[in-house]
Amino acid sequence: MLIDFFFTLKDARIPVTIKEFLTLLEAMERNVVGASMDDFYYVARLTLVKDEAHYDKFDRAFAQYFKGINAAFETNAAIPLDWLVKRMERELSDEQKRQLEKFGYDKLMDRLNELLKEQKERHEGGSKWIGTGGTSPFGNGGTNPEGVRIGGKGGNRTAVKVWEQRAYRDYDAERELGTRNIKVALRRLRKFAREGAEDELALDATIHATANNAGFLDIKMRPERRNKVKVLMLLDVGGSMDDHIERTEELFSAAKTEFKNMEFFYFHNCVYDYLWKNNRRRNAERFPTWDILRKYPADTKLIFVGDATMSPYEVLHPGGSVEYNNEEAGAAWLARFCNAFPKFAWLNPEPEGVWQYRQSIAVIRQIMSNRMFPLTIEGLERAMRTLSK
């Protein structure tokens, strides 16, 4: 059984070796862990994965290979949480949804502060208190056009604030591309030059110099030809971007291959006063946005990647971030990026046909001087032409 598991990891492009596999077998033989799937997962990851950058690929391969194992041996399995959540959810007609009141951001926050002082018990299915399964703008599992999600899992994507510790996954830079056309489109941005140490044979110049030297060999060297373009890519991650992981990973992988001078950072929904490079440590390792604005030269090509789908408050309102109270509006930070890097573009994985129905997309397009392009081959080509001008 574990031999096939080993090959599953290899197929997932995890650099696991025979020596590490034998270490896992030895650990199992010596009963290092008990007969638990969770224990086996941790000892397998400990022995087989040497770089946490491969944790996500290991998780997917493990889930794929051992899918259904727990269910086969679990005799007292609990009722799935999803079933309970669905039972609590209230199905409302479109007319009923339109009748629900929108508070507005300031009034919404004031009302939440009042409820936190007044409420003393749990509520379910109501329209006023913090609870589940109702039409109140506070809680989870219900329906409201504009609210604060507290706990639970999102679904309607109408929350203007989320109270929970959210975990995102890094985009995989080693993903196999679904199409070569993405890389071909990105190559329009390349600009080659020969700079640095002369460590490459200049064959034509050597032949010419040798001929002029009466046949005596005269070797000529030259610097290696490299792409001079500098790229700064800022990627939206988590939330509604989960619907676009596959295409975003294809773009990210292609960009990492094509642009050797590329830096990237993550943000969620809109850029604010800090960014991060590792989603597992995004609360511990933050990069001040001011430092990023000052670090890179003005000729850097700036590429935003995100669906720009959020509450308009997140762009226009101080404190409007869905996760924390930002002191300045996201629009101010977007404007600073556009001023610092005149060559900029926004790539949007959402179909261009739905942009007109998203207020936040219209706001960001205006800030970006209409330099928003769909994440399609045609859209990439248009974006690269814009960045190359």
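The first residue of the sequence shown is numbered 1, and numbering continues consecutively from there.
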Rounded to the nearest 0.5 Å, how far does [atom2] of [Y] lie from [atom1] of [X]?
X	Y	atom1	atom2	result
K50	I14	NZ	CD1	13.0 Å
L334	C270	CG	SG	4.0 Å
E352	L375	CD	CG	12.0 Å
L347	M372	CG	CE	9.5 Å
N213	T206	CG	OG1	11.5 Å
R60	L9	CZ	CG	12.5 Å

Answer yes or no for R282 and W276: cation-pi contact, defined as NZ/CZ to six-membered ring centre under 6.0 Å and angle to ring axis within 45°.
->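 Yes - R282 lies over the ring of W276, closer than 6.0 Å to its centre and within 45° of its axis.
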Is it possible for you to check whether R286 lies under 6.0 Å from the centre of the six-membered ring of Y274, through NZ or CZ, and within 45° of that ring's axis?
->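 Here R286 passes the 6.0 Å and 45° test against Y274.
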Using a strict cut-off of less than 4.0 Å between a Lys/Arg side-chain nitrogen and an Asp/Glu carboxylate oxygen, indicate whether K277 and E285 qualify as a salt bridge.
->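 Salt bridge flag = no for E285 with K277.
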Salt bridge present between D218 and K220 (N-O < 4.0 angstrom) |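 Counted as a salt bridge, because a side-chain N and a carboxylate O are separated by less than 4.0 Å.
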How close do [X] and [Y] get, counting heavy atoms only, and between which atoms?
X	Y	result
V315	M310	CG2-SD, 3.7 Å
N261	V229	CB-O, 3.5 Å
T8	A61	CG2-O, 4.0 Å
R280	Y55	NH2-CB, 3.1 Å
A308	W346	CB-CZ2, 4.0 Å
A255	M262	CB-SD, 3.6 Å

Ring centre gap for Y41 and F62 strictly below 6.0 Å =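 When the ring centroids of Y41 and F62 are compared, they turn out to be within the sub-6.0 Å range.
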Step through it carefully: locate the ring centre of F304, locate the ring centre of F344, and say whether they are under 6.0 Å apart.
->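 No, they do not, as the ring centres are separated by 6.0 Å or more.
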Indicate the ring-plane relationship of F21 and F6, choosing parallel, tilted or perpendicular according to the 30° and 60° boundaries.
->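 Plane angle between 30° and 60°, so tilted.
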How are the rings of Y266 and F264 set relative to one another: parallel (under 30°), tilted (30 to 60°) or perpendicular (over 60°)?
->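 Ring orientation, 0 to 90° scale: perpendicular.
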Go through M233 and F265 one step at a time and tell me if the side chain to side chain contact (heavy atoms under 4.5 Å, CB included) criterion holds.
-> CA-CA 7 Å; M233 184 173 284; F265 294 90; over 6 Å; no
If you look only at pairs with a residue in residues 359-376, which of them pass as a side chain to side chain donor-acceptor pair (under 3.5 Å), with sequence neighbours excluded?
->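 For residues 359-376: none.
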Among pairs that include at least one residue of residues 331-341, which meet side chain to side chain donor-acceptor pair (under 3.5 Å), considering only residues two or more places apart or in two chains?
->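 Listed by first then second residue: E328-R336.
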Does the side chain of D204 come under 3.5 Å of the side chain of H208 through a donor N or O and an acceptor N or O?
->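 On atom types as modelled, these side chains do not qualify, holding no pair under 3.5 Å.
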Any side-chain donor-acceptor pair under 3.5 Å between D307 and S240?
->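 There is such a pair (donor and acceptor under 3.5 Å, judged by atom type) between the side chains of D307 and S240.
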Could you go through the salt bridge (Lys or Arg N to Asp or Glu O under 4.0 Å) check for D59 and K57 one step at a time?
-> CA-CA 5 Å; D59 290 348; K57 287 188 285 187; over 6 Å; no
For R385 and S388, run side chain to side chain contact (heavy atoms under 4.5 Å, CB included): C-alpha distance rounded to whole Å, both residues' side-chain angles, the deciding distance at 0.1 Å, then the answer.
-> CA-CA 5 Å; R385 283 196 295 268; S388 299; 5.7 Å; no
Can you hop from I3 to L48 via hydrophobic side chains spaced under 4.5 Å?
->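 Yes, because I3 and L48 connect within a single hydrophobic cluster, where side-chain heavy atoms sit under 4.5 Å apart.
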Crowded around F7 CZ? As in, over 12 foreign heavy atoms under 6.0 Å?
->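 No, not enclosed.
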